[in-house]
Structure formats: structure tokens, C-alpha cells
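Step one of this worksheet: look at the structure below.
Chain letters run A, B, ... following the sequence lines, proteins first, then strands; residues in each count from 1. Everything numeric here is computed off the predicted structure, so don't read it as measured data.
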Amino acid sequence: MTKAEIITRIYEKVGFSKKDATDVVEATFDIIKGCLEQGQKVKISGFGNFVVNTKRPRKGRNPQTGDEIIIVGRKVLTFKASQILKKSLNGMSATESSPTEAE
Amino acid sequence: MTKRDLIDEVNKRFPHLSRRDSEVIINAIFDSMVEALAQGDRIEIRGFGSFVVKHRRARQGRNPKSGVLVSVAAKRVPFFKVGKELRFRVDGKPFEEDEEEIST
């Protein structure tokens with residue numbers, strides 16, 4: 001699925017104009033990116049959380065040559081899927097609890 | 001930022017849409033993404049990243065508290081890979097537009 005397909009679904013199923021659907025989809029990803037760029041986390045209930053983590057510099061090795069190198073500190077983006085998303089991937093409704101997680 | 005803040009931000013940009021309209025569209029975006037992943041489809045948003053479904057085989061696990069062996073069923077898990085542009089921007093580095101990767 002691509003952004004274009006998301007847009008198509010919205011204007012076919014929800015009934016907005018193609019332009020409105022396109023504008024809102026573009027703006028949505030644009031705003032999320034802007035937030036993450038500022039290091040802010042983005043929490044979408046029912047989908048998941050996007051969080052920016054700071055990695056400290058560490059020593060590593062070039063696996064090919066074995067040379068020791070310094071891996072610089074950096075900021076990375078991680079996504080943690082919500083329980084609802086995880087469950088719908090495994091054919092369960094959001095309220096059903098997973099048999100393996102049940103006590 | 002929560003989904004509610006996101007809806008407010010989007011709504012500010014489009015005065016001709018009601019807040020309810022923005023909410024409906026944004027919910028539809030994420031609903032359609034959940035649906036796509038539930039069907040095992042992958043999602044690719046240029047400049048943002050891609051979502052794929054990975055399969056985890058059934059395995060024997062242990063309850064970390066009691067140490068009792070339990071079998072963990074096979075499952076599918078969502079996985080996000082950040083796109084080049086966003087990876088650079090999050091790290092505070094300028095992003096130069098080149099051939100953007102389309103990889104797995």
C-alpha cells in the first residue's frame with residue numbers, strides 16, 4: 001500500500017473529494033515528520049507510538065576488516081505498535097486477549 | 001503529540017473542513033493502514049518509512065517469574081523501517097534529495 005492508495009481509499013470510502021483526501025493525507029505525514037524532527041513523540045491511539053531515541057556513541061568493529069571504529073551518537077526513530085494493531089494482525093479483535101498472554 | 005493534537009494541527013491548515021471532517025479522514029488513514037497490515041500487505045510512505053509484517057514462529061518460552069515452560073504460538077508482528085529522509089531529519093542532518101531507497 002502506498003500513500004496514493006490510502007488517498008484513493010479515503011475518497012472512495014469516506015466520500016471526500018480527491019483533493020481534500022490528498023491534502024489531509026499529505027498534511028498528516030508532514031506534521032508527524034515535523035514533530036519527530038523536533039524530537040517530540042507522536043502517539044496515535046489504535047496504531048502505535050513513534051519515539052525519537054538518543055543513542056550514545058559506542059565502539060564497534062568493521063565486520064569485514066575487524067578494525068575498531070567509533071559509532072557516533074545519533075538520534076533514531078523507533079515505532080512501537082499498539083496492542084490493537086498487534087492483535088488485528090493476529091486475527092483478534094481489539095478487546096480479545098491473546099491466549100498466550102492470558103494468565 | 002497525540003492523535004487529537006494531530007487532528008487539530010491538520011484542521012488549522014484546512015479552514016474549509018470541519019474538525020469532524022479532519023477527524024474522519026485521519027481515522028480513515030490509520031484504519032486503512034491497520035487493515036492493509038492485517039491482510040499482510042506492506043505499506044510504503046515515501047519520505048516517511050515502510051511498515052511490514054514479520055512472522056514469528058511458535059516457540060517454547062518461559063514464564064520469567066515462575067520459570068514454568070510455556071508454548072508461545074506463532075504470530076505476526078508489525079515492523080517499521082524509517083525512510084531515508086525522516087532518518088536524516090530526526091538526526092538533525094540535512095537531507096539531500098537523491099534516489100530514495102525502496103528497499104525491504
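For a residue to count as touching a neighbouring chain, one of its non-hydrogen atoms must lie under 4.5 Å from one of that chain's; by this rule B:Val70 does not touch chain A. Both the backbone and the side chain of A:Val25 come within less than 4.5 Å of a heavy atom of chain B. The contact between A:Val14 and chain B is made entirely by side chain atoms (from C-beta outward), counting heavy-atom distances below 4.5 Å. Within the 4.5 angstrom heavy-atom criterion, atoms from both the backbone and the side chain of A:Glu37 approach chain B. Contact of B:Phe30 with chain A is made through backbone and side chain together, with heavy-atom distances under 4.5 Å. Only the side chain of A:Ile10 comes within less than 4.5 Å of a heavy atom of chain B; its backbone N, CA, C and O stay farther away. Of the atoms belonging to B:Ile43, heavy atoms from both backbone and side chain fall under 4.5 Å from chain A.
Contact count versus chain B (heavy atoms, under 4.5 Å) is highest, among A:Gln40, A:Arg9, A:Lys33, for A:Lys33. Of all the listed residues (B:Ala36, B:Pro78, B:Gly92), the one sharing the greatest number of non-hydrogen pairs under 4.5 Å with chain A is B:Pro78. Ranked by heavy-atom pairs under 4.5 Å with chain A, the list B:Asp21, B:Asp5, B:Asn11, B:Ile26 is led by B:Asp21. Contacts with chain A were tallied for B:Ile29, B:Asp31, B:Val53; B:Ile29 has the most, counting heavy-atom pairs under 4.5 Å.
Judged by distance alone, the side chain of B:Asp91 and the main-chain N or O of A:Arg74 form no donor-acceptor pair under 3.5 Å. Checking side-chain atoms of B:Arg76 against main-chain N and O of A:Leu89 turns up a donor-acceptor pair under 3.5 Å.
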Working for side chain to side chain contact (heavy atoms under 4.5 Å, CB included), residues A:Phe79 and B:Val82:
CA-CA 9 Å; A:Phe79 172 69; B:Val82 62; over 6 Å; no
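Interatomic distance, B:Phe14 CZ to A:Asp20 CG, rounded to the nearest 0.5 Å: 8.0 Å. Once rounded to the nearest 0.5 Å, the distance linking CG of A:Leu77 with CZ of B:Arg89 reads 11.5 Å. Once rounded to the nearest 0.5 Å, the distance linking CE of B:Met1 with CD of A:Gln38 reads 9.0 Å. If you take CZ on B:Arg87 and NZ on A:Lys75, they are separated by 15.5 Å, rounding to the nearest 0.5 Å. Between A:Lys3 atom NZ and B:Met33 atom CE the span is 11.0 Å, to the nearest 0.5 Å. Here the CD-SG distance, from B:Glu9 to A:Cys35, works out to 7.5 Å after rounding to the nearest 0.5 Å.
Between A:Thr2 and B:Ile45, every side-chain heavy-atom pair lies at or beyond the 4.5 Å cut-off. Side-chain contact between A:Leu85 and B:Leu37: present, with at least one pair of heavy atoms (C-beta onward) separated by less than 4.5 Å. The shortest distance between side-chain heavy atoms of B:Arg13 and A:Ile31 falls below 4.5 Å. Within the 4.5 Å cutoff, the side chain of B:Leu6 has heavy atoms near those of the A:Ile44 side chain. Side chains of B:Val24 and A:Phe16 form a contact here, defined as non-hydrogen atoms less than 4.5 Å apart. A:Val42 places none of its side-chain heavy atoms less than 4.5 Å from the side chain of B:Lys3.
One hydrophobic cluster, built from ILVMFWY side chains closer than 4.5 Å, cannot hold both A:Val51 and A:Phe47; they sit in different ones.
One finds a salt bridge joining B:Glu35 and A:Lys13 here, because a Lys/Arg side-chain nitrogen approaches an Asp/Glu carboxylate oxygen to under 4.0 Å.
Of all heavy-atom pairs between B:Ser32 and A:Ile6, the closest is OG-CG2, 3.8 Å. Smallest separation of non-hydrogen atoms from A:Ser88 and B:Ala38: O-CB, 3.5 Å.
Classified by interplanar angle (parallel below 30°, tilted 30° to 60°, perpendicular above 60°), the ring pair B:Phe51/A:Phe50 is perpendicular.
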